[in-house]
Student: 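Here's a structure for you.
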Amino acid sequence: MSVHFDTLVTGARIATLGVSDDYGLINDAVIGIVDGRIAYLGPRSTELTSSELVDAEGRLLTPALVDCHTHLVFAGERLADFERRLQGDGYAEIAADGGGIKRTMAATRKATEDELFDLAVPRALWLMRSGVATIEIKSGYGLAVDSELRMLRVARRLGEALPVTVSTSLLGAHAVPPEFTEDPDGYVDLVCEEMIPRAAAEGLADAIDAFCESIAFSPQQVERIFAAAAAAGLPVRLHADQLSDLGGAELAASHGALSADHLEHTTAAGLEALAAAGTVAVLIPGAATFLDESQRPPIAAMRRAGVRMAVASDLNPGSAPLGSMQLAMALAATRFGLTPAEALHGATRHAAAALGMADRGEVRLGQRADLALWDVEDPAALSYWFGAPLLSQLWIEGTVVDGVGSNAG
Ligand code: DI6
Ligand code: FE
């Protein structure tokens, strides 16, 4: 009796990531795809037939990558800030005198929805060319009700116009906008009483995020935002302990956050809280590298505490103009000391967990057929090459994405 598939991929070295601390490699297994799902994973046999047949010729196949932290919808670049930083000015210093997030806010508020969309499409394509099939996108450059919702609408449109899955986070609490300089708590009221309820009612946000930092929002203000998220039935995530330790990890964990992101300054107590809550630590080596921060997140302690570590690009105009998850993995290895296996788990399985998605991030029966075929054989090569385009072919929900890999098609 023959079994028919939409697609069969033969001859791949498959990094299944089905084991927690290694690649879970299987050589020369066959993957069968039906209706966008992995329907077979096992030995080759003459009974397996398919509409499409792909011979991987010994190349590496992994789950498609998941970028679980980006700010890729924005207008205006920050080249003036960049040049100032190269002259020695600090990120917080530039933010304090008119640059930083507020500079991007001014440009983003002026842009129309169509303009923001047109600017964001190529950035999403950059990530897809590095093997990404799922992208989290935050708002946070509107800092007013209408412009924040506009950013989320653009993110939703990207998910409809492109084959990638887009997961959205409302980051109204990214910075205090100029109208509220004298009344930051008044701005938090606006986030809690208008932005979050409207984003929830209009189905625009999959999660609520906040930036907990001395230059942004205090733990007390974040508490209020998280309470409003809970009232709206939305999960939370947090930019925590990036530039200083304000107890952001403990705060995120105490609200059962999906993820706590950055964590350069997190203490042992914070890591234990994350492990106990099952909150994923999202590592962002691109921002630490671009800002030339010497403080690294406590990776060894994360391992000891059993915290799941994801890796993300943070694609944004200020701290991480980084358009490649492969480069994010390479930086996670070289700058933060992750093993290449940890970096790959971090860019797939754990990143999916950071988005609350259980249907992707591994090569296993029943998972979405979001798969990346690479022009390498050894999975460590993905964390070794800096910015080389190694993607051969990308499938999203079982369908080949044209124009993003070296395999013309
Ligand atoms: N942390 C970051 O690294 C980005 N946002 C945040 O909360 C920076 C965003 C920017 O500078 O535009
Ligand atoms: Fe960020």
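Numbering starts at 1 and runs along the sequence shown. We count ligands from 1, going down the list as the structure has it; atoms in each ligand are counted the same way.
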Student: Nearest protein heavy atom to atom 8 (C) of ligand 1, by residue and atom, and its distance?
Tutor: Tyr91 OH, 3.1 Å
Student: Check for me whether Ile101 has a heavy atom closer than 4.0 Å to any atom of ligand 1.
Tutor: yes
Student: Can you name the atoms of ligand 1, numbered from 1 with element, that are less than 4.0 Å from a heavy atom of His239?
Tutor: 1 (N), 6 (C), 7 (O)
Student: Is there a donor-acceptor contact under 3.5 Å linking the side chains of Asp241 and His262?
Tutor: no
Student: Can you report which non-hydrogen protein atom sits closest to atom 5 (N) of ligand 1, along with the distance?
Tutor: His174 NE2, 2.8 Å
Student: Regarding Thr165 and Arg360, do their side chains bring together a donor and an acceptor under 3.5 Å, going by distance alone?
Tutor: yes
Student: Do the side-chain N and O atoms of Ser51 and Asp6 include a donor-acceptor pair separated by under 3.5 angstrom?
Tutor: no
Student: Run the numbers for me: atoms of ligand 1, each under 4.0 Å from some heavy atom of Arg78, listed by number.
Tutor: 10 (C), 11 (O), 12 (O)
Student: In plain terms, say whether Glu115 and Lys110 are close enough for a salt bridge, that is, a side-chain N and a carboxylate O under 4.0 Å apart.
Tutor: no
Student: Decide whether an N or O pair under 3.5 Å exists between Gln242 and ligand 1.
Tutor: yes
Student: Is it true that Glu213 lies under 4.0 Å from ligand 1, counting heavy atoms only?
Tutor: no
Student: So, taking the atom named CZ in Arg296 and the one named CZ in Arg335, what distance separates them when rounded to the nearest 0.5 Å?
Tutor: 5.0 Å
Student: Would you call Lys138-Asp209 a salt bridge at under 4.0 Å N-O?
Tutor: yes
Student: So which protein N/O/S atoms does the Fe ion (ligand 2) have within less than 2.8 Å?
Tutor: His69 NE2, His71 NE2, His239 NE2, Asp314 OD1
Student: One residue to check: Asp314. Relative to ligand 1, which of side chain, backbone, both or neither has a non-hydrogen atom less than 4.0 Å away?
Tutor: side chain
Student: For atom 2 (C) of ligand 1, what's the nearest protein heavy-atom neighbour? Residue, atom name and distance, please.
Tutor: Ser319 OG, 3.4 Å
Student: What residue and atom, counting heavy atoms only, is the protein's closest point to atom 12 (O) of ligand 1, and at what distance?
Tutor: Tyr141 OH, 2.6 Å
Student: What orientation do Tyr141 and His71 show, parallel under 30°, tilted 30 to 60°, or perpendicular over 60°?
Tutor: tilted
Student: Looking at Asp28 and Arg13, is any side-chain nitrogen of the basic one under 4.0 Å from a carboxylate oxygen of the acidic one?
Tutor: no
Student: Hey, is CD on Glu77 packed in by over 12 heavy atoms from elsewhere, all under 6.0 Å?
Tutor: no
Student: Please determine whether a side-chain nitrogen of the Lys or Arg among Glu148 and Arg150 lies less than 4.0 Å from a carboxylate oxygen of the Asp or Glu.
Tutor: no
Student: Check Arg156 with Glu160, please: is the shortest side-chain N to carboxylate O separation under 4.0 Å?
Tutor: no
